[in-house]
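By convention in this document, chain letters (A, B, ...) are assigned in the order of the sequence lines, proteins followed by strands, and residues within each chain are numbered from 1.
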Amino acid sequence: MTPYYLTAPIYYVNAKPHLGHAYTTIVADAMTRFARLSGRDAMFITGTDEHGDKIVQAAAKAGCTPRELADDVSAAFRALWPELDAEPTRFVRTSGPEHREVVRAFLQKVYDAGDIYFGEYGGNYCYGCERFYTEKELENGLCPQHQVKPEYISEKNYFFRMSAYQDRLKQHILDNPEFISPERYRNEALSMLEGGVLDDLCISRPKTRLKWGIELPFDANYVCYVWFDALLAYFTALGGPESADFRRFWPAAEHLVAKDILKPHAVFWPTMLTAAGLPLYRRLHVHGYWLSRSAKMSKSIGNVVPPLETARSLGLDAFRYFLLREMHFGSDADFSEEALTARYNADLANDLGNLFSRVLTMAARWCAGKVPAPGADTEAEKNLKISASDSLADYQRFFADTRFSDALEALWNLVRALNKYVDASAPGALAAAGDMERVNTVLYTLLECMRKIALHLWPVMPGKSALMLAQLGVPAGAGASACEPDGATAGAQAGPPVGAIIGEAENFSLLPVGAPLAPASNLFPRAETDKSATAKGKVDAGKGKAGSGKKNADRNNSAGTEKIDAGTGNM
RNA sequence: CGCGGGGUAGAGCAGUUUGGUAGCUCGUCGGGCUCAUAACCCGGAGGCCCCAGGUUCAAAUCCUGGCCCCGCAACCA
C-alpha cells in the first residue's frame, strides 16, 4: 500500500482552540479518510507547540506555570478532536522528552555541519513586551503596546545560516509546481525568496530572557527558538529520523497549514531540512481564514466562533460538510449561523436527505423493503450512469487536489440528477401500471447510486455516511466491492475498508440484490428558520407560499432557529 | 512606485492559464408532480463582468493606466 503522511499543525497553546483550529484538523481528517478510501496506508498527526515567550506570558497572566498552562491547553486541544470525529493517528507535545531529543539531535547535526554560528544581534527591545521591534513597527519611535521608547540592546545569539539555502529552495519551488499550493501561496513563498532578501535565522534565546524551551545541546546558556523546535514535531510523530516509520512515511509527507504559518513551513523548514541533509516534504497545502462578520476573528472584536457549540447546533456531520463545502480551499470565507443553516437545508435536507427519504419509502412500498433485482437498462439508465461516472470521477479528482468545495459540488450534481431521474421515470406511475420490472430497475439504479454517494461522503460526514450505508443494507465496515463477510475493518477504525472507492465510478452493480433496506429515512430533518416557521404557520391556507411575511410570534421569538438533536438520525 | 489576493445578477461564488452566445448555488416569480423532509421537477425575471484607453473580426478573459477593498511586511506561532 502506498504510504500517506499528513500533518495538521501542532497548535500553539497560548489560547484555547477556535473555529480555525477545528477547520484545519477536520480537513486533515477528511484528507486522511479520503486517502484510505483511495487505497493508501494513511497516517495523520497533530499536536501542540508549547514553548516560547508567549506561553510564559500567557501563563503569568493566568497565574500558573508554563507547564501547567501547556498541560491544560494541550489537553483541551486533544479532547476536542474526538468531539469533531477527527482521529489523528498520533498526537505530539513539544514539551515531551522524545521531542526534546529529536530537536537536540537535529540542532547538533546542523551545528556540526557548520550551519549554525554565534553572532550578535542588536535592536529596539521593549522590556514590557519582552521582544524586539523593527523600526517600521514602532509608532513615532515608541512601542505600540506600551507607548514607551524601546531600548537599543544587543545580544549574542546563535544563528542558522538560512540565507545560504535561499537559491536552492527557490529553484526547488520553481522545479516542483505542486510543492506549495494553491498557486497564490506558491507565489507568496517565491516572493519571500526574491533578490537576496532572506536573512539568517536567529534560533536561540538566552536563558536570562527565556527559560521555557529546549536547551541547546552545544550551549547550556540558551534555549531553542520555538519555530526551530516546533517544526521538528513532524519528525517526533514518526519516532525521529532514524525510525522505520520515518523511512516509510517521510517521503510521502504533506503538510496542511493556514496561511499565517506559511513562512515557517515554506522557508524555514525546507532550508532546515536541506542543512540537515534530509529530503524535503512532498507538498504543502495552505488554506485561508474563516471570517466572522466579514472580519478576521479576534477576541477584541468579539467575533470568535466557538467550534464545539457551533458543531452541535445542526449536527457534527453537517458542520463538517459546511466547512468543506463553503470554503474554497485557499481563499478566505465567511462563517455565519445563517449560512450554515441555509447550506444545511438546501444541500443536506432538501437534496440529499429527501432523496433517501423518497427512495426508501418507494422501495418499502413496491420492493418489499429489499434491494430489487434490476432488469435491462434503458436510455435513461445509460445516460444517468454516464453522468454519475463523471460526477464521481470529478469528486475523486477534486478531493485529491484539496478542492473540497468543487468535489462536493460535483457529487451534488449526481444527487440532483437522481432527484430528476425519479421525476422523469415516475416509478409511481410504473407501479400503478404494473410494470414491476421497470420499477425494480429504477429503484436499483437509485439505490446503487445512493450507496456510492454515501461511500464517497465518508471522509466528510463519517457518521451520516455510516448511517446511509446502513439504511441501504450495507454492513458496517463494509464498502463497495465490499460486502464480503469478513468485517475485518470494523472496530476501532470503523468505516469503509481501505480502497473502498476504487472502481466505484465505473461499476454500477455493486449493491447486493436482496439486502434489507430501511423502511424510511430522516437523515437531515429540515432546520426551521424564521421564514419557514412563518410559512408553516399558514399551511392550511392552501397555497403553501409564504406571500405575506406574517409574523408568528410564538415560533419566531423564542429561539429563532430550532436546534435539532443530530446525534441520531433515525432510520 | 514593498509583496500578495480580490472587485462578475439581490447574496455568495465559478469562469480569466488555452479570447468566440456570461455559468452555478441561494433568494425571487410562475407552473408541474405526489414516492418524499411544505420537499422534489420544469420554466421565467434579474448582469455597461470596478473605471478609462489599447490590441483583435471578436475581450470578463490579453496589454497600459487609474480607483476601491482585504491580507502580509521578516526574533510576531
Side-chain angles (χ1 to χ4, degrees), chain A residues 9-15 49 51-55 121 123 125 129 131-134 136-137 155 157 159 183-185 187-192 194 197-199 201-205 210 225-227 230-231 257-265 267 288-289 291 294-296 325-326 328 330-334 338-339 342-343 345-366 405-406 409 412-413 416 418-424 426-429 431 439 442-443 446 520-527 531-532 535-536 538-539 543-546:
Chain A
I10 43 164
Y11 301 107
Y12 208 51
V13 293
N14 63 339
D49 176 14
H51 290 130
D53 215 33
K54 291 217 159 175
I55 305 306
Y121 177 85
Y125 190 79
C129 304
R131 58 163 286 198
F132 287 100
Y133 279 98
T134 62
K136 279 186 178 176
E137 286 175 315
E155 188 173 275
N157 263 310
F159 289 82
E183 198 173 1
R184 53 159 59 118
Y185 296 110
N187 293 338
E188 286 269 5
L190 281 170
S191 80
M192 292 170 187
E194 284 305 327
V197 290
L198 202 62
D199 289 328
L201 185 67
C202 178
I203 57 154
S204 66
R205 297 293 180 275
L210 177 70
Y225 165 50
V226 280
W227 267 118
L231 290 160
V257 299
K259 64 183 183 180
D260 54 346
I261 50 173
L262 172 64
K263 186 170 186 178
H265 286 82
V267 180
Y289 278 144
L291 308 178
S294 299
K296 190 169 164 177
R325 176 63 183 83
E326 191 77 0
H328 281 89
S331 306
D332 293 349
D334 219 41
E338 293 72 32
R343 218 20 120 182
N345 275 337
D347 296 0
L348 298 179
N350 296 352
D351 288 345
L352 181 61
N354 184 49
L355 174 68
F356 268 72
S357 175
R358 66 199 302 211
V359 172
L360 286 172
T361 300
M362 289 189 279
R365 190 168 303 178
W366 300 316
S405 183
D406 292 330
E409 198 176 343
W412 251 252
N413 283 337
R416 294 193 193 98
L418 295 180
N419 274 319
K420 290 186 215 298
Y421 172 70
V422 174
D423 279 51
V439 170
V442 169
L443 285 176
L446 286 165
S521 174
N522 191 17
L523 293 164
F524 303 100
R526 247 186 99 80
K531 192 164 48 174
S532 66
K536 200 169 186 174
K538 41 182 299 173
V539 169
K543 210 52 165 123
K545 294 280 180 188

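Using a 4.0 Å heavy-atom distance criterion, A/Gly428 is classed as making no nucleic acid contact. A/Trp366 comes within 4.0 angstrom of sugar-phosphate atoms only, judged by non-hydrogen atoms across all strands, and of no base. Note on A/Asn419: only backbone sugar-phosphate atoms sit closer than 4.0 angstrom, heavy atoms only; bases stay farther off. Heavy atoms of A/Val226 sit under 4.0 angstrom from primed sugar atoms or phosphate atoms, though from no base atom. Using a 4.0 Å heavy-atom criterion, one finds that A/Phe356 contacts no nucleic acid atom at all. Residue-level contact check: A/Arg365 touches the backbone only, with heavy atoms under 4.0 Å from sugar-phosphate atoms and none from bases. Contacts of A/Ser357 with the nucleic acid, taken as non-hydrogen atoms under 4.0 Å apart, include base atoms. A/Ala346 comes within 4.0 angstrom of sugar-phosphate atoms only, judged by non-hydrogen atoms across all strands, and of no base. As judged by a 4.0 angstrom heavy-atom cut-off over every strand, A/Lys263 is placed among the base-contacting residues. Residue contacts for A/Arg416: at a heavy-atom cut-off of 4.0 Å it reaches the sugar-phosphate backbone alone, with no base atom in range.
To the nearest whole angstrom, the two P atoms, one in B/C48 and one in B/A11, are 12 Å apart. Remark: the separation of the P atoms in B/U18 and B/C29 is 44 Å, to the nearest Å. Using atom C1' as the reference point in both B/U8 and B/C50, the two lie 10 Å apart (nearest Å). B/G20 sits 11 Å from B/A59 when the P atoms are compared, rounded to a whole Å. When the P atom is compared between B/C72 and B/G54, the two are found 39 Å apart, to the nearest whole Å. Here, B/C62 and B/C76 have their C1' atoms 40 Å apart, quoted to the whole Å. For B/U28 and B/G10, the P atoms lie 15 Å apart once the distance is rounded to whole Å. Using P as the reference atom, B/C68 and B/A73 are 23 Å apart when rounded to the nearest Å.
At least one side-chain heavy atom of A/Ser331 sits under 4.5 Å from a side-chain heavy atom of A/Arg184. Side-chain atoms of A/Glu326 and A/Asp334, non-hydrogen and from C-beta on, never get closer than 4.5 Å to each other. Proximity of A/Met362 to A/Val422: side-chain heavy atoms (C-beta onward) are separated by under 4.5 Å at one or more points.
Between A/Tyr289 atom OH and B/C69 atom P there is a gap of 21 Å when expressed in whole angstrom units. Whole-Å rounding puts the A/Ile203 CD1 to B/C76 C1' distance at 18 Å. Between the C1' atom of B/G2 and the CG atom of A/Leu190 lies a distance of 17 Å, rounded to the nearest Å. A straight line from CG of A/Leu262 to C1' of B/C76 spans 15 Å, rounded to a whole angstrom. When rounded to the nearest whole Å, the span between CG of A/Leu355 and P of B/U34 equals 19 Å. As a whole-Å value, the separation of A/Asp347 CG from B/A39 P is 14 Å. We find that CZ of A/Arg205 is positioned 12 Å from C1' of B/A77, with the value rounded to whole Å. B/C35 atom P lies 17 Å from atom OH of A/Tyr421, rounded to whole Å.
In this structure, the side chain of A/Asn345 engages the main chain of A/Ala527 through a donor-acceptor pair within 3.5 Å. Side-chain atoms of A/Tyr421 never come within 3.5 Å of backbone atoms of A/Leu446 as a donor-acceptor pair (strictly under, hydrogens ignored). Checked by atom type and distance alone, the side chain of A/Trp366 never pairs as donor or acceptor with a backbone atom of A/Ala431 at under 3.5 Å.
Across all strands shown, B/A11 pairs with B/U25; the Watson-Crick or G-U wobble distances both stay below 3.5 Å. Pair check for B/C33 finds none; no Watson-Crick or G-U wobble contact set falls under 3.5 Å. Applying the Watson-Crick and G-U wobble criteria (two distances, each under 3.5 Å), B/G2 pairs with B/C72.
Proximity note for A/Arg526 (side chain, C-beta onward) versus B/C41, B/U37, B/G5: the nearest is B/U37. Minimum atom distance to the side chain of A/Arg184 is reached by B/G6, of the listed B/A77, B/C76, B/G6. Considering only the side chain of A/Met362, B/C35 comes nearest among B/C35, B/A77, B/A39. Residue A/Asn354 has its side chain nearest to B/A39 when only B/A77, B/A39, B/A14 are considered. Side-chain proximity of A/His328 to the nucleotides B/C13, B/G6, B/A39 is greatest for B/C13. Among the nucleotides B/G5, B/U37, B/C35, the one closest to any side-chain atom of A/Asn187 is B/G5.
Residue side chain A/Lys54 does not reach the base of B/A77 through any donor-acceptor N/O pair under 3.5 Å, judged by distance alone.
RNA chain B is contacted by both A/Asp351 and A/Glu409; A/Glu409 maps to the nucleotide lying nearer its 5′ end (nearest heavy atom per residue). Two residues, A/Tyr225 and A/Ala349, neighbour RNA chain B, and the one matched to the more 5' nucleotide by heavy-atom proximity is A/Ala349.
Of the charged side-chain nitrogens involved, at least one lies within less than 4.0 Å of a carboxylate oxygen, so that A/Asp423 and A/Arg358 count as a salt-bridged pair.
In this model, the phosphate group of B/C40 is approached by a side-chain N or O of A/Asn350 to a distance below 4.0 Å at OP1 or OP2.
Here the two rings, on A/His51 and A/Trp227, have centers that are 6.0 Å apart or farther.
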